[in-house]
Amino acid sequence: MELAIEEARRSRVDVPVGAVVVCRGEVVGRGCNRREMTGDPTAHAEIVALRQAAQSLSSWRLAGTIVYSTLEPCPMCAEAIIQSRVDKLVFGAYDPASGATGSAFNLFLPGRIFPLPEVIGGLCEEECRKLMTEFFRGKPQRQGK
């Protein structure tokens with residue numbers, strides 16, 4: 001989780017979320033939010049890390065991997081984690097606004113045709129939440145942007 005937190009700190013102008021993908025103890029993908037930097041609405045930390053992991057492992061099937069994220073994944077990222085056959089998801093802060101592991105939505109329901117990863121939430125929760133609150137402290141709320 002420490003590496004995911006380091007990635008979150010690299011986000012700079014983007015919301016500070018970081019993610020790493022680990023396979024057999026080795027980091028095979030890492031990413032931080034890059035939506036503002038790239039203009040790409042899909043450039044969430046988890047998506048960036050999954051893409052890098054798929055490239056590193058030469059396969060979109062990421063069985064045997066663990067994704068560490070500083071924030072509970074949104075529906076887009078949660079579904080990408082499921083679709084890529086990740087074995088385990090570990091995240092820091094819960095996201096009651098758009099978290100998709102049970103906070104706002106739950107895409108990890110039994111009975112789906114894809115294997116669901118084990119989900120562990122709340123690891124280093126306070127430190128991960130602090131990254132978010134410090135980022136948003138004093139920022140004017142954006143509407144439509």
What is the minimum heavy-atom distance between [X] and [Y], and which atoms define it?
{"X": "Ala104", "Y": "Pro96", "result": "CB-O, 3.4 Å"}
{"X": "Ala78", "Y": "Pro73", "result": "N-CB, 3.8 Å"}
{"X": "Pro117", "Y": "Ile82", "result": "CD-CG1, 4.2 Å"}

Cluster link [X] to [Y], ILVMFWY, side chain under 4.5 Å:
{"X": "Phe108", "Y": "Ile120", "answer": "no"}
{"X": "Leu3", "Y": "Leu123", "answer": "yes"}
{"X": "Leu57", "Y": "Leu89", "answer": "yes"}

Using side-chain contact (heavy atoms from CB on, under 4.5 Å), reason through Cys128 and Ile5 one step at a time and then give a plain yes or no.
CA-CA 7 Å; Cys128 293; Ile5 292 169; 4.0 Å; yes
Verify side-chain contact (heavy atoms from CB on, under 4.5 Å) between Ser11 and Val17, making sure each step is shown before the conclusion.
CA-CA 7 Å; Ser11 292; Val17 178; 5.5 Å; no
Straight-line distance of [X] [atom1] to [Y] [atom2], nearest 0.5 Å:
{"X": "Glu6", "Y": "Met1", "atom1": "CD", "atom2": "CE", "value": "12.5 Å"}
{"X": "Asn33", "Y": "Leu71", "atom1": "CG", "atom2": "CG", "value": "8.5 Å"}
{"X": "Met132", "Y": "Thr70", "atom1": "CE", "atom2": "OG1", "value": "7.0 Å"}
{"X": "Asp95", "Y": "Thr101", "atom1": "CG", "atom2": "OG1", "value": "9.5 Å"}
{"X": "Ser103", "Y": "Glu72", "atom1": "OG", "atom2": "CD", "value": "3.5 Å"}
{"X": "Arg12", "Y": "Asp14", "atom1": "CZ", "atom2": "CG", "value": "11.0 Å"}

Taking Glu46 first and then Arg51, would you say they form a salt bridge - that is, a charged N and a carboxylate O separated by under 4.0 Å?
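No salt bridge links Glu46 with Arg51.
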Note, [X] side chain near [Y] side chain (heavy atom, < 4.5 Å):
{"X": "Asp40", "Y": "Arg35", "result": "no"}
{"X": "Cys77", "Y": "Ile47", "result": "yes"}
{"X": "Arg85", "Y": "Leu62", "result": "no"}

Apply side-chain contact (heavy atoms from CB on, under 4.5 Å) to the pair Glu125 and Lys130, showing each step before the final yes or no.
CA-CA 8 Å; Glu125 182 177 7; Lys130 186 177 177 185; over 6 Å; no
Within 6.0 angstrom of Gln83 CD, more than 12 heavy atoms from elsewhere:
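More than 12 heavy atoms, drawn from other residues, nucleotides or ligands, come within 6.0 Å of this atom.
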When you look at Arg129 and Glu134, which way does the salt bridge (charged side-chain N to carboxylate O under 4.0 Å, His left out) test go after all the steps?
CA-CA 9 Å; Arg129 185 178 27 243; Glu134 287 177 356; over 6 Å; no
ring-ring contact (aromatic ring centres under 6.0 Å, His included) partners of residues 54-105, not counting sequence neighbours, each pair once
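For residues 54-105: Phe91-Tyr94.
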Decide side-chain contact (heavy atoms from CB on, under 4.5 Å) for Thr42 and Met76; before the verdict, give the C-alpha distance in whole Å, the side-chain angles of both, and the deciding distance to 0.1 Å.
CA-CA 8 Å; Thr42 68; Met76 175 182 67; 4.0 Å; yes
Residues 19-31, side-chain donor-acceptor partners within the protein, below 3.5 Å, at least two apart:
{"residue": "Arg30", "atom": "NH1", "partner": "Glu7", "partner atom": "OE2", "Å": "3.2"}

Sub-3.5 Å donor-acceptor pair from the side chain of Arg9 to the main-chain atoms of Gly18, do we have one?
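Pair absent, no side-chain N/O of Arg9 close to backbone of Gly18.
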Among all residues two or more places apart in sequence or in another chain, which pass the salt bridge (charged side-chain N to carboxylate O under 4.0 Å, His left out) test with Arg61?
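With sequence neighbours excluded, Arg61 shows a salt bridge (charged side-chain N to carboxylate O under 4.0 Å, His left out) to no residue whatsoever.
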